[in-house]
*Asks:* 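Questions regarding the structure given below will be posed in turn.
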Amino acid sequence: MDTPLSTIAVVGLGTMGSGIAEVLVRAGREVIGIDVSEAAARRAVGCLEAATARSVARERITEEERRDILARFRTFSDLRAAADADLVIEVVPESYELKQQVFRELDAVVRPDAILATGTNALSVTRLAADSARPERVLGLHFFNPAPAMKLVEIVSSVLTAPQAVAAVTDLAHQLGKEPVAVGDRPGFVADGLLFGYLNQAAAMYESRYASREDIDAAMRLGCGLPMGPLALLDLIGVDTARTVLEAMYAESGDRLHAPAPILRQLSDAGLTGRKAGRGFYTYEEPGSGVVVRDALTPSETAATGEVREVRSVGVAGSGTMASGIAEVFAKAGYAVVLAARSLEKAETAKGRIGKSLARSVEKGRLTAEAADEALARVTPAGSLDAFADVDLAVEAVAEDLEVKRQLFATLDKVCKPGAVLATTTSSLPVVACARATSRPQDVIGMHFFNPAPAMKLVEIVRTVLTADDVHATVREVTAKIRKHPVDCGDRAGFIVNALLFPYLNNAIKMVENHYASLDDIDAAMRLGGGYPMGPFELLDVVGLDVSLAIERVLHREFRDPGLAPAPLLEHLVAAGCLGRKTGRGFREYARR
């Protein structure tokens, strides 16, 4: 018996079309590849030949299986070749006119029961369906690039789509080994709808000269565990493609967060569309290459850091997880550490936490027992900030409350010796407000570690308008010595990571509020389609909904953008005491320990 949707036509044999064709033929389908360009058809065949040859070399398939796969892929230049197809997938360029023309011609060719799928990620499936002679058989089938590797497939229904067509394509996606996610018809769908807003904000951040392209990308890779930074990803996707998607999103949402950053237009108009052009946000070895080469904007590897202050001893204020983690980092790097809390008992408890963490590192083979003992011996617990009298660097990691921090910095001002560097780990409060609580604001800087501090490589170094050059240079040097990656940013809400991360999380909540997609589908879409280590709702529950709400409010207050207003659902859950994993319930429920 024939497998349902056994003969499939793919219209458009660019990178995405070729990838989809490979997925289909490997899964046993007969594939009709159609492209007006014979060169594109030859490249598609060449790509399949090369990919299957690699599979044979790696012993994933036999030579006979390879011959069968290649025999199932035939290419044509005329849409009439799709006459016997059970399913047609179009992946031609993102243009209504071009796609509508393809659908009109297909209407005259395909069988009445054939399903027509568009691979668009930016245009309205409903609009394309309405122009078709069989709107009930039209849907969206959005693969992700590279199609053979990416598991996610978004299946997009319009108000006209027949449930039977959706069911047939969903079954096909499962048979292809993909994870189908059902979504409604709106620009960007789920994954790109969330991803492109984030990419747009990153482009705007770079355009404002808030941070360098290298620091923005490093911050999101190291601070969020993303496989690529946003600007490098824009170059991979294509700056012109990103602009097209954002234009479509903005036309529907009117949300300023989707209004394409001017730099996207400027780069597109100049032909600097990313890797495919050899230059976009970065410069590449040649068009199509992923190898970045130095250009006029590349930071000098030999640039002098400037005059620095000597740092031998470090004071860490606080007794929580962050404070003990930071103290552990400095102790392992060879610094003498004073760990001060509100009482000696709390400080000793925090040191005990460090001891357990070091012991785990020994068990996992990351540290020798001798090195762990030496690191722990470098930590001196104290019940008062008076113990910071001789430290060269004081780092506070107390509650995220501005008044609490201001009082602490006023005390550090009195206690610490002249020339000591005073640092705050705040993730959302103005560093300059802490600096103004002292008589030496030039010595104050932000040093934002990420939790858990021993594992996370990123430190955001936040310089205020008052911070001295040698203080900035000192903290960069110290950050390198403790084997962390420093990124520079100015003193504004969210710095780099939180300013880009939390609007994305907020937009995910709004999708659920609008009943556009489920929690599970959104999380799956971002893990499988965006390469995120966690879906947005998994992450929100880990971070804590109260913490997330506080950061959202700070961002909204600072930037005054209506699109940054916290989602009402987030506010309601926090008001109900549903704060995430720590309370056993947030967006999901968790087993009590």
Side-chain angles (χ1 to χ4, degrees), residues 305-341 344 346-362 366-398 408-409 412 415-425 443-462 468 470-486:
T305 57
E307 198 173 314
V308 299
R309 303 182 188 183
E310 185 178 36
V311 176
R312 289 196 208 167
S313 59
V314 178
V316 179
S319 58
T321 304
M322 181 59 86
S324 58
I326 293 170
E328 178 184 336
V329 167
F330 278 107
K332 284 195 294 191
Y335 290 93
V337 179
V338 178
L339 180 55
L344 183 58
K346 284 183 177 292
E348 288 173 339
T349 299
K351 181 175 179 177
R353 191 183 299 119
I354 295 171
K356 291 177 182 177
S357 176
L358 292 169
R360 286 194 296 272
S361 294
V362 173
R366 296 173 181 166
L367 203 64
T368 66
E370 183 182 13
D373 290 342
E374 289 174 354
L376 191 61
R378 294 189 192 104
V379 180
T380 303
S384 165
L385 291 175
D386 290 341
F388 284 7
D390 294 319
V391 301
D392 302 304
L393 167 65
V395 183
E396 70 78 15
V398 300
L408 186 144
F409 270 87
L412 292 177
V415 168
C416 293
K417 66 186 181 184
V421 175
L422 311 181
T424 171
T425 61
D443 292 340
V444 179
I445 196 167
M447 201 174 181
H448 180 214
F449 287 81
F450 288 73
N451 205 14
M456 299 295 280
K457 293 294 186 184
L458 182 69
V459 176
E460 290 178 319
I461 297 176
V462 188
D470 64 339
V471 167
H472 174 248
T474 298
V475 171
R476 282 193 63 89
E477 181 177 87
V478 167
T479 302
K481 286 182 177 178
I482 60 175
R483 298 183 178 180
K484 301 296 182 185
H485 185 101

*Asks:* Can you name the residues that form a side-chain contact (heavy atoms from CB on, under 4.5 Å) with Lys351, not counting sequence neighbours?
*Replies:*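 So Lys351 forms a side-chain contact (heavy atoms from CB on, under 4.5 Å) with Leu376, Val379, Pro381.
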*Asks:* Under the criterion side chain to side chain contact (heavy atoms under 4.5 Å, CB included), I'd like the reasoning laid out for Val337 against Thr380: C-alpha separation, chi angles, the key distance, then a yes or no.
*Replies:* CA-CA 6 Å; Val337 179; Thr380 303; over 6 Å; no
*Asks:* Taking all heavy atoms of Cys416 and all of Ala394, pick out the closest pair and write down the distance.
*Replies:*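 The answer is SG-CB, 4.1 Å.
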*Asks:* Side chains of residues 443-452: which donor-acceptor partners sit under 3.5 Å, not counting sequence neighbours?
*Replies:*
| from | atom 1 | to | atom 2 | distance (Å) |
| --- | --- | --- | --- | --- |
| Asp443 | OD1 | Arg309 | NH1 | 2.9 |
| Asp443 | OD1 | Arg309 | NH2 | 2.9 |
| His448 | ND1 | Glu460 | OE1 | 2.8 |

*Asks:* Does Lys332 use its side chain to pair, donor to acceptor, with the backbone of Ala327 at less than 3.5 Å?
*Replies:*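 No: the side chain of Lys332 does not pair with the backbone of Ala327.
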*Asks:* To check you understand the geometry: which heavy-atom pair defines the closest contact between Ala382 and Ala387, and what is its length?
*Replies:* CB-CB, 3.5 Å
*Asks:* List in chain and number order the residues that pass side-chain hydrogen bond (donor to acceptor under 3.5 Å, both in side chains) with Thr424, two or more places apart in sequence or in another chain; answer none if no residue qualifies.
*Replies:* Glu396
*Asks:* At what distance, to the nearest 0.5 angstrom, does CG of Leu367 lie from CD of Glu374?
*Replies:*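 Rounded to the nearest 0.5 Å, the CG-CD separation comes out at 9.5 Å.
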*Asks:* For Lys417, what residues pass the side-chain hydrogen bond (donor to acceptor under 3.5 Å, both in side chains) criterion, not counting sequence neighbours?
*Replies:* Asp392
*Asks:* Could you give the distance from CD (Glu328) to OG (Ser361), rounded to the nearest 0.5 Å?
*Replies:*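 Spacing of CD (Glu328) from OG (Ser361) equals 6.0 Å.
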*Asks:* Just by modelled atom types, is the Val338 backbone N or O under 3.5 Å from a matching donor or acceptor in the Arg378 side chain?
*Replies:* no
*Asks:* For Arg312, give me all partners under salt bridge (charged side-chain N to carboxylate O under 4.0 Å, His left out), at least two apart in sequence or on another chain.
*Replies:*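 Scan of Arg312 (salt bridge (charged side-chain N to carboxylate O under 4.0 Å, His left out), adjacent residues dropped) gives Glu310.
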*Asks:* Would the distance check show the side chain of Thr479 and the main-chain N or O of Val475 forming a donor-acceptor pair, the cut-off being under 3.5 Å?
*Replies:*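 Yes, Thr479 side chain to Val475 backbone: donor-acceptor pair under 3.5 Å.
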*Asks:* Considering all heavy atoms of both residues, which atom of Val391 and which atom of Ser313 are nearest to each other, and what is their separation?
*Replies:* CA-OG, 3.2 Å
*Asks:* I need the minimum non-hydrogen distance between Ala317 and Val398, along with the two atoms involved.
*Replies:*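 Here Ala317 and Val398 meet closest at O-CG1, 3.8 Å.
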*Asks:* Kindly say whether Ala453 contributes a backbone atom to a donor-acceptor pair with the side chain of Lys484 at under 3.5 angstrom?
*Replies:*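 Yes.
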*Asks:* Which heavy atom in Ala347 sits nearest to a heavy atom in Ala341, and how many Å separate them?
*Replies:* N-CB, 3.7 Å
*Asks:* Only counting residues at least two apart or in another chain, list the ones meeting side-chain hydrogen bond (donor to acceptor under 3.5 Å, both in side chains) with Asp373.
*Replies:*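 Listed in chain order: nothing, the list is empty.
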*Asks:* With a 4.5 Å heavy-atom cut-off, do Val459 and His485 have their side chains touching?
*Replies:*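 Sidechains of His485 and Val459: no contact.
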*Asks:* Drop me the distance from Leu344's CG to Ser384's OG, to the nearest 0.5 angstrom.
*Replies:* 10.5 Å
*Asks:* Out of curiosity, Ile354 CD1 to Leu358 CG, how far, rounded to the nearest 0.5 Å?
*Replies:*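 Reported to 0.5 Å precision, the distance equals 7.5 Å.
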*Asks:* Would you say that Phe330 contacts Leu393 through its side chain, given a criterion of any heavy-atom pair below 4.5 Å between the two side chains?
*Replies:*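 When only atoms from C-beta onward are counted, Leu393 and Phe330 do touch, with a gap below 4.5 Å.
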*Asks:* Might you point out which heavy atoms bring Ser319 and Arg353 nearest each other, and give the distance in Å?
*Replies:*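 Ser319 and Arg353 have their closest heavy atoms at O-NH1, 3.0 Å.
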*Asks:* Calculate, to the nearest 0.5 Å, the distance between atoms CG and CZ belonging to Leu339 and Phe388 respectively.
*Replies:*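 Answer for the CG-CZ pair, Leu339 versus Phe388, is 7.5 Å.
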